[in-house]
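Working notes, structure below.
Owing to the predicted nature of the structure, the values given are computational and were not obtained by experimental measurement. For the single chain, residues carry numbers from 1 onward in sequence order. Only heavy atoms go into these numbers, but all of them, side chains included; no hydrogens, no water, no symmetry mates.
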Amino acid sequence: MIRKGILAVVCILSLNFAKSQSYTEKSFSQMEEFLQNNQDTLYIINFWATWCKPCLEELPAFEAINKNLSDYKIRIILVSLDTEANRKKSLEPFLAEHKLQNEIWVFPDKKPSDWIDKINPVWQGSIPGTLFLNNTKSINNFEEHAFTYDELLLKIDGYK
């Protein structure tokens, strides 16, 4: 009986660990299709990396928005710009440790300079950068700076 209990705990911990470190690989063409969607949802797409201190400092704000505004039509996607080589070394351990609940995407495309302008022409390529998007309400705003929780709330309120 004890052995079965231990096995159950190990299985549950393994499932939680696997869930916390997961991310979805998206090609940029998949991202372009996504950017054209017509759902009445405010998409908040944050571009970040584990080596970027301001990016890491703002991640709790995105997590809190996800948790506290779950009744709103908001979808937060965190796009990690960690290189493919850095994913195993830095991104996966970071995700496992911090157990982020927001959706995590990575791009296998090698040169961000090929797609940065396609995300938003005002983006100069620095991170953190955040795209606020709702095509049904003609919202397409990109900002290159870190956000606090209160700043995110003000932005979201302005898009209602």
Cut-off 3.5 Å, no hydrogens considered: what does the side-chain donor-acceptor table look like for residues 127-138, sequence neighbours left out?
| from | atom 1 | to | atom 2 | distance (Å) |
| --- | --- | --- | --- | --- |
| Thr130 | OG1 | Asn46 | ND2 | 2.8 |
| Asn134 | OD1 | Thr136 | N | 3.0 |
| Asn134 | OD1 | Thr136 | OG1 | 2.6 |
| Asn134 | OD1 | Lys137 | N | 3.1 |
| Asn134 | ND2 | Asp40 | OD1 | 3.2 |
| Asn134 | ND2 | Thr41 | O | 3.2 |
| Asn135 | ND2 | Leu35 | O | 2.8 |
| Asn135 | ND2 | Asn37 | O | 2.7 |
| Thr136 | OG1 | Asp40 | OD1 | 3.2 |

Discussion item. Under 4.0 Å between a side-chain nitrogen and a carboxylate oxygen: does that hold for Arg75 and Glu103?
Written reply: yes
Worksheet entry | All pairs passing ring pair (Phe, Tyr, Trp, His ring centres under 6.0 Å) where residues 66-96 contributes a residue, at least two apart | Trp48-Phe94, Phe94-His98
Worksheet item: Quick one: does Ile65's side chain get under 4.5 Å of Ile156's, heavy atoms only?
Response: yes
Practice prompt. Give every residue pair that meets the disulfide (SG to SG under 2.5 Å) criterion with at least one member in residues 122-160, sequence neighbours excluded.
Written response: none
Practice prompt. Step by step, work out the side-chain hydrogen bond (donor to acceptor under 3.5 Å, both in side chains) result for Thr148 and Asp150.
Written response: CA-CA 5 Å; Thr148 65; Asp150 290 337; 5.4 Å; no
Item to complete: Report yes if the side chains of Asn102 and Ile77 come closer than 4.5 Å at any heavy-atom pair, otherwise no.
Response: no
Worksheet, complete the sentence: For Glu143, the side chain to side chain donor-acceptor pair (under 3.5 Å) test, sequence neighbours excluded, returns Asn141, His145, Lys155
Worksheet item: Are any non-hydrogen side-chain atoms of Trp105 and Met31 less than 4.5 angstrom apart?
Response: yes
Discussion item. Let me check something: do Leu154 and Phe62 share a hydrophobic cluster, defined by ILVMFWY side-chain heavy atoms less than 4.5 Å apart, either directly or through other members?
Written reply: no
Worksheet item: With a 4.5 Å limit on heavy-atom distance, are the side chains of Phe147 and Leu153 in contact?
Response: no
Worksheet item: Applying salt bridge (charged side-chain N to carboxylate O under 4.0 Å, His left out), which residue pairs with at least one partner in residues 54-63 are found, sequence neighbours left out?
Response: Lys53-Glu57
Fill in: Proximity of Phe34 and Tyr43 rings by center, below 6.0 Å
yes
Worksheet item: So do the side chains of Leu95 and Tyr23 get within less than 4.5 Å of each other, counting heavy atoms only?
Response: yes
Item to complete: Determine whether more than 12 heavy atoms belonging to other residues, nucleotides or ligands lie under 6.0 Å from atom NZ of Lys160.
Response: yes
Discussion item. Using the side chain to side chain donor-acceptor pair (under 3.5 Å) criterion, which residues pair with Asn120? Sequence neighbours excluded.
Written reply: Asn140
Fill in: Side chain to side chain, Glu84 and Glu25, heavy atoms closer than 4.5 Å
no
